[in-house]
Protein chains: 2
Amino acid sequence: MGAMTSTKDRILYASAELFRRKGYTGTGLKEVTTQAQAPFGSLYHHFPGGKEQLGEDVIRVSGAFFLQLFVFIADEAPDVVTAVQDFFRGAGETLVATDYEDACPIAVIALEVASTNETLRVATADVFTSWLDEAATRFVAAGIPAARARELALSFLSALEGAFILCRALRSTEPMAAAGAAAASEVRAALTTVA
Amino acid sequence: MGAMTSTKDRILYASAELFRRKGYTGTGLKEVTTQAQAPFGSLYHHFPGGKEQLGEDVIRVSGAFFLQLFVFIADEAPDVVTAVQDFFRGAGETLVATDYEDACPIAVIALEVASTNETLRVATADVFTSWLDEAATRFVAAGIPAARARELALSFLSALEGAFILCRALRSTEPMAAAGAAAASEVRAALTTVA
DNA sequence: GTCTATAGGAGGATAGAC
DNA sequence: GTCTATCCTCCTATAGAC
């Protein structure tokens, strides 16, 4: 059976992959429709707002998907420290498996548009906020005070995002391993302080 | 006394600012020469390799400048923990002072070119490596074993880079504060283990 | 070595046939 | 709603006058 995905979904998926790999400004819409095996006109039929709407949809959809991934890993793990470790380890494995192309789905766009496109900047901020809230909720559930949980979520996500940059540039997972170990031990320390 | 900077330096400086703000692919060379108040032809006179050579020069020059900034702050600080704290605090202050535009000088380019331009990717890797080596050297000088110092440098820089992303997207220095506190306490723990 | 003009192609966006 | 042809702008790069 051929791909049963709709034209709109194929465009969205192709855009997500290209934006992640080459950036928002570095990706052409012709390129998107070619890779999605869709006629050029379909893009403007499904995304009347053009490139900006496509960018915003990619940010929000990718953000929701990544959030679900975190939820899944956290649910599977026996405790939050293990969850953090698993997440960093999984990120490193994905980097190697995809030849250092699949990192954060929105980091490049976030940096590119932060000072140039308010609509897209807000979209990335919303997605980061949803991730931070989810992580903080998990830390609170583990018994960490809310303020401390928020701090942990912020430094956890900072470490992850920064490690993605270094790993892609250095073509090595060493930064991810170091950042993951640091994040895990920080969470562990926060837990023992509580207990 | 007008600006005594050479045409080449003005082009380099304008490029650095624009690349940092709008990305490498998002910046046009017309824009660069306009902002540098230089005729378009001058760009190709001083940078025969075109945009790629300009990008590489910006990466390496900005990288060396940022390294000197780190050296300066570390030399002024009484100890490495304070140095790390000062660095994160200074980064946060710069973000606010520049309306969240002045973050890492090469992070956007690094993400944009990691999978698309090997010459520029190597340049960003060289710069990151120089920063990591400098940080690790400082940690070793403070009495931390080399392997641990390397790990600390990696998680320190990951935290810093990731915090830049979150701060720019959220338009808040909260991530920088949280990442800085975590990095400082990690270094402090490494020191007390030694002592 | 400074600067202008332009080539040649790719960019986003649209009109309109089917 | 699918798809093609085209518009106009902007891009990088170069040629060549001065």
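Every value quoted in this text rests on a predicted model; they were computed, and no experiment measured them. Every chain is numbered from 1 and lettered A, B, ... according to where its sequence line falls, protein lines coming before strand lines.
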Path from A/F87 to A/V71 over hydrophobic side-chain contacts below 4.5 Å: no
Distance in angstrom units between B/K51 NZ and D/dA13 P, rounded: 8 Å
Nearest-nucleotide comparison on DNA chain C, the residue closer to the 5′ end among A/G41 and A/L29: A/L29
B/R168 and A/S115: side chain donor to acceptor below 3.5 Å: yes
Sugar-phosphate only, base, or nothing, as touched by A/T25 at under 4.0 Å among non-hydrogen atoms: nothing
Distance, rounded to the nearest Å, where A/E31 contributes CD and C/dG9 contributes P: 18 Å
Atom pair distance, as rounded to whole Å: CD in B/Q53 and P in D/dT12: 15 Å
Distance below 4.0 Å between A/H46 side-chain N/O and D/dG1 OP1 or OP2: no
B/Y44 side-chain N/O to D/dT14 phosphate OP1/OP2 under 4.0 Å: no
5' precedence on DNA chain C between A/F40 and B/K30 (nearest-nucleotide basis): B/K30
Nearest-Å distance for atom pair CG/P, residues B/L43 and D/dA15: 16 Å
Over 12 non-hydrogen atoms of neighbours within 6.0 angstrom of CD in B/E31: yes
d(NZ, A/K8; P, D/dT2) in whole Å: 12 Å
Value in whole Å for how far the P atom of D/dC11 lies from CG of B/L54: 14 Å
Residue-phosphate contact under 4.0 Å: A/H45 side-chain N/O, C/dT14 OP1/OP2: no
Electrostatic pair A/E17:A/R21 at N-O distance under 4.0 angstrom: no
Touch class at under 4.0 angstrom, heavy-atom based, for A/T27 against every strand present: sugar-phosphate
